[in-house]
Engineer: 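Below you'll find the structure I mean.
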Amino acid sequence: MMVAISDETVRDYAADGAVVIRGLFADWVDELRAGIEKNIAAPTQQMATLKPGEAGRFFDDYCNWTRIPEFERAIFGSGAAAAAARLMGSQRVQLFHDHVLVKEPGTAKPTPWHTDGPYYFVEGRQTVSFWVPLDPVREASLRCVAGSHLWEKDVLPTRWVSQSDFYPGDHDYMPVPDPEAEGMRILEWEMAPGDAVAFHYRTLHGARGNTTTARRRAFSLRLVGDDARYVDRPGPTSPPFPGHGMQPGQPLREDWFPVLPL
Ligand SMILES: O=C(O)CCC(=O)C(=O)O
């Protein structure tokens with residue numbers, strides 16, 4: 001099923017840096033759930049998300065589409081690339097990476113407020129991630145600060161467990177704000193499996209813990225458009241993609257980051 005993206009949604013994405021797209025992955029829920037089970041059974045780059053002793057389990061892994069065919073089929077077969085092209089105003093859409101985030105029942109830990117862009121070695125105006133819940137979600141839905149993708153400065157990237165700086169040394173990032181205390185407009189939606197939040201790499205986002213009795217499985221897909229270029233960062237990025245060999249100003253190499261069919 002192809003989901004049409006209205007002009008209003010394109011305008012909202014440009015202004016707010018986050019929109020909900022109902023049913024974008026509705027035909028791919030079973031496939032993505034199966035892929036997530038394979039991913040949990042055999043993680044690759046699993047990251048620490050909870051301190052020892054913290055309740056629950058927050059599973060987080062990425063860059064697995066080349067070894068999990070369910071992910072590859074959903075990425076290449078869904079209408080996500082066409083939706084991304086519309087939202088970004090881009091002729092071409094390149095796959096950056098897939099990301100799985102599962103909060104098991106009773107995981108009180110919130111996902112800290114952050115923007116993804118500063119962790120990445122790519123910059124551009126034309127970026128989009130789709131955050132796709134595979135369970136009905138309300139409490140632990142994605143939360144995005146409207147308009148934050150237009151802030152002048154990037155938000156300081158931190159390590160999720162220690163909250164220490166992600167890059168060594170001095171850099172010119174703005175401190176992580178506290179959107180609730182600062183009265184910012186927070187966008188969040190009650191969502192069905194297969195709905196998607198589309199959000200910009202510079203959009204400040206986070207999520208509450210999952211204190212319900214149901215799992216909160218999410219698949220996140222990171223895409224880039226025509227103007228995305230490789231940039232150097234002050235240290236190893238996340239994901240790191242060792243041996244990528246790209247130089248500042250180059251588009252992402254297409255053999256690792258394929259152009260998706262529209
Ligand atoms: O699923 C979450 O709790 C956070 C998701 C997120 O940060 C992302 O998809 O970039």
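Indexing begins at 1, ligand by ligand and atom by atom, following the structure's order.
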Engineer: Identify, with sequence neighbours excluded, every residue that meets salt bridge (Lys or Arg N to Asp or Glu O under 4.0 Å) alongside Arg67.
Structural biologist: none

Engineer: Can you give me a line-by-line list of nitrogen or oxygen pairs between ligand 1 and the protein shorter than 3.5 Å?
Structural biologist:
residue	atom	partner	partner atom	Å
ligand 1	1 (O)	Trp131	NE1	2.9
ligand 1	1 (O)	Arg216	NH1	3.2
ligand 1	1 (O)	Arg216	NH2	2.8
ligand 1	3 (O)	Thr111	OG1	2.6
ligand 1	3 (O)	Arg216	NH1	3.0
ligand 1	3 (O)	Arg216	NH2	3.3
ligand 1	7 (O)	His114	NE2	3.2
ligand 1	7 (O)	His205	NE2	3.1
ligand 1	9 (O)	Ser220	OG	2.9
ligand 1	9 (O)	Arg222	NH1	3.4
ligand 1	9 (O)	Arg222	NH2	3.4
ligand 1	10 (O)	Asp116	OD2	3.0
ligand 1	10 (O)	His205	NE2	2.9
ligand 1	10 (O)	Arg222	NH1	3.1
ligand 1	10 (O)	Arg222	NH2	3.2

Engineer: Could you give all pairs that pass the ring-ring contact (aromatic ring centres under 6.0 Å, His included) test and reach residues 133-152, with sequence neighbours left out?
Structural biologist: His149-His200

Engineer: Using salt bridge (Lys or Arg N to Asp or Glu O under 4.0 Å) as the criterion, list what pairs up with Asp178, not counting sequence neighbours.
Structural biologist: none

Engineer: Spell out, yes or no, whether Val10 and Leu150 are grouped together once hydrophobic residues are joined by side-chain heavy atoms under 4.5 Å, including indirect joins.
Structural biologist: no

Engineer: Between the side chains of Arg22 and Asp195, is the shortest nitrogen-to-carboxylate-oxygen separation below 4.0 Å, so that they form an ion pair?
Structural biologist: yes

Engineer: Parallel, tilted or perpendicular: which describes the rings of Tyr120 and Tyr201, with under 30° parallel and over 60° perpendicular?
Structural biologist: perpendicular

